[in-house]
Amino acid sequence: MTQTRLNGHRIKQLHTLTGQRLGKTLEQLDLTPAQSHVLRYLVEHRGQDPCSRDVEEFFSLTHPTVSGILSRLEAKGYVAFRLDQEDRRCKRIHVTEKALTCHAQIRIRIENLEEEMVRDFTPAERTTFAGLLDRAIRNLGGEPGTCQTLHKKEETRL
C-alpha cells in the first residue's frame, strides 16, 4: 500500500536539511540566521532609508532585540548609521558594500540549494511542487512569498 499521508516529520526534515546547508554559508559570513533576515530586509529596502523602528515593525521584534542585531551588523561592517536630517532622534540604516556582496552570495547559495532540491523533477513537477507548497502555506494562514516574522525563540539566540 502506498503511503498517501504527508507526515509532518517530512516537512521538518526538509526544513532541517535546508537550514543546515544555509547555516554553513552563514557561518562563513559570520552571520546568525536572524542577522541574515534583517540584512536581507535592509538590502531590499535600502532606497527607503529604513530606521530601527521599521525593522522592529516588519519583524515584530522588540527594540532591544533589533538594537542588538543592528549593533552586531555594524560591528561586522555590514551596516552604518546616519542621523536623519529632519529628525535628529532617528538614525537611518545604510548597508555597506560588504552587505551587498554578502546578500548576493546568500542569494546564489539559496538558488543553488533550491535547484539541488528539485534537480530530478520535471518542469511540470517543479510547477506542481511550487503550487502545492503555496497552497499548503495559504491553508495555514500564511501568504506565499512573504517574509515571516522571527519567532520569540529566535530572539534569544541573537
Side-chain angles (χ1 to χ4, degrees), residues 11-119 121 126-127 129-134 136-138 140-158:
I11 295 169
K12 176 65 176 166
Q13 184 179 16
L14 184 59
H15 173 76
T16 300
L17 289 170
T18 56
Q20 288 171 345
R21 295 278 187 89
L22 285 175
K24 290 178 184 176
T25 298
L26 295 177
E27 281 178 21
Q28 293 169 354
L29 298 169
D30 192 27
L31 290 172
T32 66
Q35 291 168 353
S36 73
H37 291 302
V38 171
L39 190 61
R40 174 183 168 199
Y41 169 84
L42 295 171
V43 167
E44 291 176 354
H45 292 86
R46 67 183 178 271
Q48 300 166 7
D49 290 331
C51 63
S52 63
R53 185 78 159 157
D54 298 320
V55 176
E56 292 168 23
E57 290 174 4
F58 185 81
F59 289 105
S60 299
L61 294 172
T62 64
H63 177 73
T65 297
V66 170
S67 181
I69 292 170
L70 292 174
S71 66
R72 286 177 190 87
L73 288 174
E74 180 184 33
K76 295 173 184 182
Y78 288 109
V79 299
F81 296 96
R82 297 187 188 135
L83 283 178
D84 186 312
Q85 296 303 315
E86 295 175 17
D87 183 356
R88 297 261 181 210
R89 298 170 297 172
C90 179
K91 291 182 188 175
R92 297 293 172 183
I93 308 162
H94 295 270
V95 294
T96 64
E97 193 61 39
K98 179 179 179 180
L100 296 175
T101 301
C102 169
H103 179 69
Q105 290 173 358
I106 292 170
R107 287 192 60 87
I108 289 168
R109 180 64 181 127
I110 289 171
E111 288 169 9
N112 290 341
L113 181 59
E114 289 176 354
E115 181 59 35
E116 185 179 348
M117 186 185 312
V118 297
R119 74 173 164 245
F121 288 23
R126 289 175 185 224
T127 301
F129 182 63
L132 292 171
L133 288 173
D134 288 350
I137 290 166
R138 279 191 209 92
L140 295 177
E143 183 59 38
T146 61
C147 184
Q148 301 296 317
T149 58
L150 298 173
H151 301 287
K152 297 295 178 190
K153 183 176 171 184
E154 285 184 288
E155 284 189 47
T156 61
R157 294 186 294 168
L158 309 174

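Being a predicted model, the structure only gives us computed values, none of them experimental.
At least one donor-acceptor pair under 3.5 Å links the side chain of Asp54 to the backbone N or O of Cys51. Panel note: side chain Ser36, backbone Leu31; no donor-acceptor pair is recorded below 3.5 Å.
Here the closest non-hydrogen pair linking Phe81 and Leu70 is CZ-CB, 3.7 Å. Across Asp30 and Lys76, no two heavy atoms sit closer than the pair O-NZ, 2.7 Å. Closest approach of Leu22 to Ile110, counting heavy atoms only: CD2-CG1, 3.6 Å. Among all heavy-atom pairs drawn from Ile93 and Ser52, the shortest one is CD1-N, 3.7 Å.
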Going through the distances and angles, do Leu100 and Val95 end up as a side-chain contact (heavy atoms from CB on, under 4.5 Å)? CA-CA 7 Å; Leu100 296 175; Val95 294; 4.0 Å; yes
Any chance you could lay out the side-chain contact (heavy atoms from CB on, under 4.5 Å) test for His94 and Arg46, step after step, and finish with the verdict? CA-CA 7 Å; His94 295 270; Arg46 67 183 178 271; over 6 Å; no
With side-chain contact (heavy atoms from CB on, under 4.5 Å) as the criterion, how do Leu73 and Lys98 come out once you've worked through the C-alpha distance, each side chain's angles and the decisive distance to 0.1 Å? CA-CA 11 Å; Leu73 288 174; Lys98 179 179 179 180; over 6 Å; no
Test side-chain contact (heavy atoms from CB on, under 4.5 Å) on Gln28 and Gln105; report intermediate values, then the result. CA-CA 11 Å; Gln28 293 169 354; Gln105 290 173 358; over 6 Å; no
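Between His37 and Phe59, the ring planes are tilted. Angles from 30° to 60° get that label.
Looking only at side-chain heavy atoms (C-beta outward), Asp49 and Asp84 stay at 4.5 Å or farther from each other. Side-chain contact between Leu29 and His103 is absent, with no heavy-atom pair separated by less than 4.5 Å.
Here Glu115 does not pair with Arg119 in a salt bridge; the nearest charged N to carboxylate O distance is not below 4.0 Å. Between Lys24 and Glu27 there is no salt bridge, since no side-chain N of the basic residue sits under 4.0 Å from a carboxylate O of the acidic one.
In this view, Arg21 and Glu116 satisfy the salt bridge (charged side-chain N to carboxylate O under 4.0 Å, His left out) rule, not counting sequence neighbours.
Counting non-hydrogen atoms of neighbouring residues, nucleotides and ligands closer than 6.0 angstrom, the NZ atom of Lys91 reaches no more than 12 such neighbours. Atom CZ of Arg82 sits in a sparse spot, with 12 or fewer heavy atoms from other residues, nucleotides or ligands closer than 6.0 Å.
Note: Leu39 CG to Cys102 SG = 5.5 Å, rounded to the nearest 0.5 Å.
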